[in-house]
Structures are given as C-alpha cells and as structure tokens.
Amino acid sequence: MDADSYNDTDAKLSKAMSAAWVRFAKTGDPNGPGLPSWPVFMEGKENYLEFGDRIAAGTALRQKQLDFLSDFSSQRGHGAVTSSR
C-alpha cells in the first residue's frame, strides 16, 4: 500500500483489527470494550466479522459460491466442498 493513500479509514481498520487479534491472543475472545462485536461461529449460521471500509458482522459468507462449488464437485465425484449447510 502506498503511504500517500493511507487514510483515516485505513487507520481505524488497522487499529480495530489489531486490537481484536491481540485480545483474542490474550483471552481467546476477540470481543472487548470499544471493539466491534465479533459473533461466535455457529454451524448452520456461519457467523463472521468482515473487516473493510466498514466493519460488519454477517452470516454465510459467499454461501452461493460455496453451494455451487459443492454441487459441481459432488457431480464430478470429488466429494463436497466443506460447508455446514
């Protein structure tokens, strides 16, 4: 990344991501005061936290693509792509 293009959004993202990972390394839980809420991963719901211009929780990241790959793979006899759905 060019240092000239680094902006406030990048700085906030870097700080939030670093803080969550440090907290996770220390406690086993990335959640803490002042940090974005990182949902627990649950089978069937597949919770995740996306770090980007916005930091947002979601479910089933790229599920359509994974379902396609799983169907394609099983039709070719190669087994399924891992997904909890």
Side-chain angles (χ1 to χ4, degrees):
M1 170 177 252
D2 181 8
D4 293 334
S5 66
Y6 192 79
N7 59 35
D8 287 340
T9 301
D10 298 319
K12 288 177 186 174
L13 172 63
S14 176
K15 185 176 179 179
M17 189 179 288
S18 295
W21 281 111
V22 167
R23 174 139 172 102
F24 179 72
K26 285 182 177 179
T27 68
D29 181 359
N31 296 298
L35 297 174
S37 179
W38 193 321
V40 173
F41 185 89
M42 296 168 45
E43 247 184 90
K45 208 168 183 190
E46 300 179 14
N47 300 319
Y48 67 93
L49 187 64
E50 182 172 349
F51 288 90
D53 289 344
R54 291 182 329 113
I55 300 173
T59 58
L61 180 65
R62 296 189 175 98
Q63 190 61 52
K64 287 172 115 175
Q65 293 89 342
L66 289 172
D67 288 345
F68 170 80
L69 289 172
S70 183
D71 291 345
F72 180 79
S73 181
S74 64
Q75 288 174 6
R76 296 186 52 100
H78 298 293
V81 174
T82 56
S83 174
S84 62
R85 291 187 180 204

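- Side chain of Asp10 to main chain of Asn7: a donor-acceptor pair is present (N/O by atom type, distance under 3.5 Å, no hydrogens or angles).
- Annotation for Phe51 and Leu13: closest pair CB-CD1, 3.6 Å, computed over non-hydrogen atoms.
- Using bins of under 30°, 30° to 60° and over 60° for the plane-to-plane angle, the ring pair Phe24/Trp21 lands in the perpendicular bin.
- For the pair Ser74 (side chain) and Ser70 (backbone), a donor-acceptor distance under 3.5 Å is present.
- Heavy-atom minimum distance, Leu66 versus Leu61: CD1-O, 3.9 Å.
- Summarising the geometry of Phe41 relative to Asn47, their closest heavy-atom pair is CD1-O, 3.3 Å, with the distance given to 0.1 Å.
- Closest heavy-atom contact between Ser37 and Ala57: O-CB, 4.5 Å.
- When all heavy atoms of Leu35 and Ala19 are compared, the closest pair comes out as CD2-CB, 3.3 Å.
- Both Met17 and Leu49 are members of a single hydrophobic cluster when ILVMFWY side chains are connected at heavy-atom separations under 4.5 Å.
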